[in-house]
Amino acid sequence: MSLFLGTHQNKLDAKGRVSVPASFRAALRKEQSKENNPLIFRPSHKMPCIEGWPLSIFSELTNSLNSLDLFSEEHDDIATTLYAEAWPIDSDREGRILLPDVLKEHANLTDAVTFMGLGTIFQIWEPSAAAERCKTARQKVQQKNPSITPQSNKKRIES
């Protein structure tokens with residue numbers, strides 16, 4: 001399985017398209033079959049960003065619905081949450097995607113965007129919100145897991 005790694009900044013062009021980072025496109029090529037599988041984009045439920053899901057990973061996420069009664073309220077709620085706000089989007093030959101306005105509005109995107117790799121998926125953020133998210137996440141991790149802070153790793157390397 002290929003991973004989406006790193007943080008990359010790109011600009012929205014005059015038509016509202018943005019280039020998916022080259023390393024993300026390479027990861028997607030490894031995931032996709034010979035068919036042109038679109039990425040699935042959806043608004044994050046927790047953050048003001050857009051999530052990008054390879055179709056195979058999104059399908060795994062939706063498998064949880066199979067264990068629920070098709071006519072139950074829980075099934076309807078989860079299905080609505082997963083599918084009603086999901087957008088299958090193909091990139092053009094240059095690796096650009098056109099994000100729907102509703103997704104751009106959710107993430108407050110105007111002219112620049114930040115792509116953040118999260119392993120099997122990635123997120124698209126407004127750049128200053130992305131920087132704040134990284135800072136907050138790092139602080140939370142350091143508070144909960146002080147053994148993985150950069151300072152503690154430096155001590156281990158030196159000993």
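- For the side chain to side chain donor-acceptor pair (under 3.5 Å) test, residues two or more places apart in sequence or in another chain that qualify with Glu94 are Arg96.
- With rounding to the nearest 0.5 angstrom, the NE2 atom of His75 is 9.5 Å from the OG1 atom of Thr80.
- Pairs of residues two or more places apart, or lying in two chains, never qualify as salt bridge (Lys or Arg N to Asp or Glu O under 4.0 Å) while including a residue from residues 66-79.
- Side chains of Thr114 and Thr7 form a contact here, defined as non-hydrogen atoms less than 4.5 Å apart.
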Query raised in the report: side-chain contact (heavy atoms from CB on, under 4.5 Å) between Thr81 and Ile78: does it pass, once the steps are laid out?
Result: CA-CA 5 Å; Thr81 300; Ile78 294 172; 5.6 Å; no
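- Atom CG of Leu103 sits about 9.5 Å away from atom CD1 of Ile97, to the nearest 0.5 Å.
- Here salt bridge (Lys or Arg N to Asp or Glu O under 4.0 Å) pairs that include residues 14-27, with residues two or more places apart or in two chains, are Asp13-Arg17.
- Both Val113 and Ile89 are assigned to one and the same hydrophobic cluster, defined by single-linkage of ILVMFWY side chains at heavy-atom distances under 4.5 Å.
- A donor-acceptor pair under 3.5 Å is absent between the side-chain atoms of His106 and the main chain of Ile50, judged by distance alone.
- Remark: Leu5 CG to Met116 CE distance equals 12.5 Å, nearest 0.5 Å.
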Can I get a per-line list of side-chain donor-acceptor pairs under 3.5 Å for residues 122-131, giving both atom names and the distance, sequence neighbours left out?
from: Gln123; atom 1: OE1; to: Trp125; atom 2: NE1; distance (Å): 2.9
from: Glu126; atom 1: OE1; to: Ser128; atom 2: N; distance (Å): 3.2
from: Glu126; atom 1: OE1; to: Ser128; atom 2: OG; distance (Å): 2.6
from: Glu126; atom 1: OE1; to: Ala129; atom 2: N; distance (Å): 2.9
from: Glu126; atom 1: OE2; to: Ser128; atom 2: N; distance (Å): 3.4
from: Glu126; atom 1: OE2; to: Ser128; atom 2: OG; distance (Å): 3.2

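- Between Glu51 and Lys46 the shortest side-chain heavy-atom distance does not fall below 4.5 Å.
- Minimum interatomic distance between Ala107 and Cys49 (heavy atoms only, all atoms of both residues): CB-CA, 3.8 Å.
- Remark: Gln9 CD to Lys11 NZ distance equals 6.5 Å, nearest 0.5 Å.
- You'll find the side chain of Thr62 stays beyond 4.5 Å of the side chain of Trp53, heavy atoms only.
- How far CG of Leu3 is from OG1 of Thr120: 7.5 Å, rounded to the nearest 0.5 Å.
- How far OG of Ser91 is from CG of Leu98: 12.0 Å, rounded to the nearest 0.5 Å.
- The closest side-chain heavy-atom distance from Ile121 to Phe58 is not below 4.5 Å.
- Met47 and Ile40 are members of different hydrophobic clusters when ILVMFWY side chains are connected at heavy-atom separations under 4.5 Å.
- Proximity of a side-chain donor or acceptor of Asn10 to a complementary backbone N or O of Val18 within less than 3.5 Å is not detected.
- Judged as a side chain to side chain donor-acceptor pair (under 3.5 Å), and not counting sequence neighbours, Asn63 has no contacts.
- Residues that satisfy the ring pair (Phe, Tyr, Trp, His ring centres under 6.0 Å) test with His8, not counting sequence neighbours, are Phe24.
- In this structure, Val102 is a member of the same hydrophobic cluster as Leu12, with clusters built from ILVMFWY side-chain heavy atoms closer than 4.5 Å.
- Between Pro54 and Phe4, some side-chain heavy-atom pair lies under the 4.5 Å cut-off.
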